[in-house]
Amino acid sequence: MEPEKERTGRTPKKGRKRRRVPNKLVGASEVMRDRWDLEKRQQPEAKKACLSTILLSDTREITHGQLCELLKYAVLGKSSVPKPSWCQLFHQNHLNNVVVFILQGMSQLHFYRFYLEFGLLRKAFRHKFCLPPPSSDFLADIIGLQKKQIIGDLPKGMEGSLPSSSSEVSINLQNDPIVKKYGSEKVSLTRCLLTKEEMKTYHFPLQGFPDCENFVPTKCCGSITNNSPLFGLDCEMCLTSKGRELTRISLVAEGGCCVMDELVKPDNKIVDYLTSFSGITKKILNPVTTKLKDVQRQLKALLPPNAVLVGHSLDLDLRALKMIHPYVIDTSLLYVREQGRRFKLKFLAKVILGKDIQCPDRFGHDATEDARTALELARYFLKYGPKKIAELNLEALASHQELEAAGLEPRNTEVVQQLNTSVLECLDSVGQKLLFLTREADATELSSSKNCQTIKCFSNKEVLEQARVEVPLFTFSIVQFSLEPFPPNLSEEMSKRMKIKWMEMSTVYAGPFSKNCNLRALNRLFESFGPVLSVTLTLESHQPYLCIQYEVLEGAQLAIESLDGSLVEGTCIKVQRPVTELTLDCDILVNELEQDSENRGTIYLSGVSETFKEHLLQQSSLFLGLEALILPKDLKNGKQKNYCFLRFRTFGSAHRALGILTGKNWKLKGRHALTPRHLHSWLRGLPPESRPPGLRVIPPPSEQEAVQMLNLDHPKIAAWRWGRKIGKLYHSLCSGTLCLILLPGTESTHGSLSGLGLMGIKDEEESNILNCL
């Protein structure tokens, strides 16, 4: 095994002078060490377009609509459309071209099942993200060819904040998410209640769940009818050494009367009062003696057996109260929004009720006002029904607010509708055309669209040849290849084997140990490298061995690198992965994962405490170039786990930070990251599979024969061939080209496979990212 410092690269020589020539790459180590010296350059470098996905959550899919946001922004810039909500594109006006490659028939499963075959692509693109399974027309979704909605008369609550319009309302109400869920007729109170399954999905505290063991039930177990009383609830929280804790609770009865408004003193030391949101200060809370148990007792006494609690994101309030209540209406879910997003309480109050809340000139939020507002919104929904609300066209009104937040001042309905325009219309407004290259058999609605130059080819090979010639001539191009998807039975088998492979790669066997070894001490030792799912003692051998299954691949790899061949309890032990047909290429795969462009600037740390973030920020001067701190949480109880990922702008700054954090002052264990952020959530979504160690998993005969015969249509061969071809085509693009590689996923009656996106700007240099910030 190579020493860590040899694998991760050489430290740059000291004293190397910087070249002050425009548009040249500045050494990453020099930039990070002398960051302040950038301002003293005699000739500033020319700005270049660059990307950042710091806003991208590690567990979140990027919707097709959000992809459309980015593409439109790439064409028009912030002068006409708002910035994309999920990533940052700096210096858009310095983009030269936009090219989208679509590999129809391929999915995220293809990419990670044949990860080694996609060598050029995974090394060229630093930004990767999950995509949901495709709809009936993937292309129409990402280009924005859906039927437009025209805003007509606005609700009274928005008069003055939106321009009036005499346009005729032509909203397809059947497609409104509220109508889709509730229908168009008025609904009963019981229909608005969250089901137990919905409460589980949205992480409400529930009786019998392991993360709710110490939660107090409200004892409301009466029969719910349409006449059951409603109570509005809102809580304010602060940040303590143990996480978020309650500082204020407000309960409002159905007539609007406040029946409970209490300040609460947290049990643990307050780190941040969150005054800008809560309005709570140290001075306000100092004389308070009321504790959490007091308000729990008071709330139980106030609520009748058939009480229904109403709130906005009520799960957070109940968790702050550490209470369980079975009957709830959550207005953030009642007023359903597209693609799983939620409307803000302030927005709904203005649009639906015509009232202003949470005003910026006020000192924090008013919990009583927020509780009363949520209650009024629920009553409005019950009184007027889904159809009335759908006619307000909330999505378009929210889009208008996003435009205003982006610094725009729309003067008419057409500008308000800018978010609903297509990429084609955006291109047309700047006098450009879209190039669409596809096979003749795969032509879609886009092929016949105005302002689209379509070239239909007979084969994927011809599409590739045409792309080399035509793409440089167009500002915006879509190049679509159609590849054979996995047959349903093969998809299922691939998914199972992918899950098993990742499980085996994250599992290590350690030993031999003496028969009277200290198992508790050994558990602590192996847990110090990362979160452990299970530890079992294997007695099949003469001396006992331990089988440790880690939650993350980095934990297993760190245990191997740290303990293999070392003395533990007086015995020289071996730490290794199980040897199966799925782990035979594990060393190669681990090395390639570490070289993945998305992982090269990211480090993994184990043993972090709840105060790690605070300490890191206090000594931020040691960690120049830090882009993001990713602190995973337990999905069941919401608590921070004992490991994290730090993402840096460059490999050099990440490597230096790793040396500091694993040194004697921080005493953490860590290494360079191996798994992209989106991969954990995707693997959790695969069907759970397990097998006894040593059990063989043989590919279906059809797959074996295809590989043996080097069938060019086999997915493994196709991944290798087209990955290389598209990679070479990408490298031939001009500098400053925004390029997206989209594997849309597949949808069939047998099930769906989620997609994957890869994104980057040709010749985007690390030094240019500094100029963007």
Side-chain angles (χ1 to χ4, degrees), residues 18-32 34-39 41 43-57 62 66-67 69-79 81-101 121-129 406 475-477 596-602 624-628 646-654 676-678 727 730-742 757-773:
R18 294 201 226 187
R19 298 177 63 190
R20 292 181 169 83
V21 182
N23 298 322
K24 295 292 182 180
L25 175 64
V26 180
S29 61
E30 299 288 341
V31 172
M32 302 312 301
D34 302 318
R35 184 177 179 181
W36 57 85
D37 200 34
L38 288 170
E39 299 174 353
R41 293 189 180 188
Q43 290 181 304
E45 292 187 355
K47 291 181 178 179
K48 290 185 179 180
C50 55
L51 275 168
S52 172
T53 54
I54 298 173
L55 302 179
L56 184 60
S57 167
I62 299 305
Q66 288 172 317
L67 266 182
E69 282 178 12
L70 172 64
L71 296 177
K72 289 191 289 189
Y73 184 76
V75 173
L76 293 180
K78 64 182 178 182
S79 62
V81 292
K83 295 178 180 179
S85 58
W86 59 281
C87 66
Q88 294 170 300
L89 173 58
F90 299 99
H91 307 312
Q92 170 273 342
N93 56 327
H94 290 276
L95 275 181
N96 290 322
N97 302 87
V98 179
V99 181
V100 181
F101 293 103
L121 297 186
R122 57 185 163 78
K123 290 179 180 177
F125 294 92
R126 187 183 180 212
H127 310 288
K128 302 180 184 72
F129 49 88
T475 301
F476 196 110
S477 306
D596 189 299
S597 58
E598 186 169 356
N599 294 331
R600 280 185 58 76
T602 305
L624 297 177
L626 178 62
E627 278 189 332
L646 298 182
R647 181 165 181 169
F648 293 83
R649 296 190 192 106
T650 66
F651 172 79
S653 54
R677 289 179 289 167
H678 64 270
Y730 167 73
H731 286 297
S732 72
L733 298 175
C734 70
S735 179
T737 297
L738 171 64
C739 184
L740 286 89
I741 312 286
L742 303 180
L758 299 88
M759 179 171 68
I761 296 177
K762 179 70 176 9
D763 293 340
E764 178 187 342
E765 302 289 3
E766 290 173 337
S767 60
N768 291 323
I769 298 176
L770 291 177
N771 293 337
C772 300
L773 303 177

Given side chains that start at C-beta, do those of [X] and [Y] come closer than 4.5 Å, heavy atoms only?
{"X": "Cys734", "Y": "Asn97", "answer": "yes"}
{"X": "Lys123", "Y": "Arg600", "answer": "no"}
{"X": "Leu67", "Y": "Val100", "answer": "no"}
{"X": "Glu627", "Y": "Arg647", "answer": "yes"}
{"X": "Leu70", "Y": "Met759", "answer": "yes"}

message: As a quick check of understanding, evaluate ring-ring contact (aromatic ring centres under 6.0 Å, His included) for Phe125 and Tyr730, giving each step before the final call.
response: CA-CA 10 Å; Phe125 294 92; Tyr730 167 73; 4.7 Å; yes
Which heavy atom of [X] sits nearest a heavy atom of [Y], and at what distance?
{"X": "Leu95", "Y": "Ala49", "value": "CD2-CB, 3.7 Å"}
{"X": "Asn96", "Y": "Ser735", "value": "ND2-O, 2.5 Å"}
{"X": "Val98", "Y": "Leu71", "value": "CG1-CD2, 4.2 Å"}
{"X": "Ala654", "Y": "Gly601", "value": "CB-O, 3.6 Å"}

- request: Just do the side chain to side chain contact (heavy atoms under 4.5 Å, CB included) check on Val99 and Leu733 with the steps written out, would you?
  value: CA-CA 9 Å; Val99 181; Leu733 298 175; 4.3 Å; yes
Nearest-0.5 Å distance that lies between atom [atom1] in [X] and atom [atom2] in [Y]:
{"X": "Ile761", "Y": "His91", "atom1": "CD1", "atom2": "NE2", "value": "10.0 Å"}
{"X": "Cys50", "Y": "Leu738", "atom1": "SG", "atom2": "CG", "value": "11.5 Å"}
{"X": "Phe129", "Y": "Leu740", "atom1": "CZ", "atom2": "CG", "value": "5.5 Å"}
{"X": "Glu69", "Y": "Leu89", "atom1": "CD", "atom2": "CG", "value": "12.5 Å"}
{"X": "Leu76", "Y": "Gln92", "atom1": "CG", "atom2": "CD", "value": "7.5 Å"}
{"X": "Thr602", "Y": "Arg126", "atom1": "OG1", "atom2": "CZ", "value": "6.5 Å"}

- request: For the pair Trp86 (side chain) and Gln66 (backbone), establish whether a donor and an acceptor sit closer than 3.5 Å, ignoring hydrogens and angles.
  value: yes
- line: Taken in chain and number order and not counting sequence neighbours, the residues that satisfy side chain to side chain donor-acceptor pair (under 3.5 Å) with Asp596 are Tyr115, Lys128
message: Just to verify, what does Ser597 make a side chain to side chain donor-acceptor pair (under 3.5 Å) with, not counting sequence neighbours?
response: none
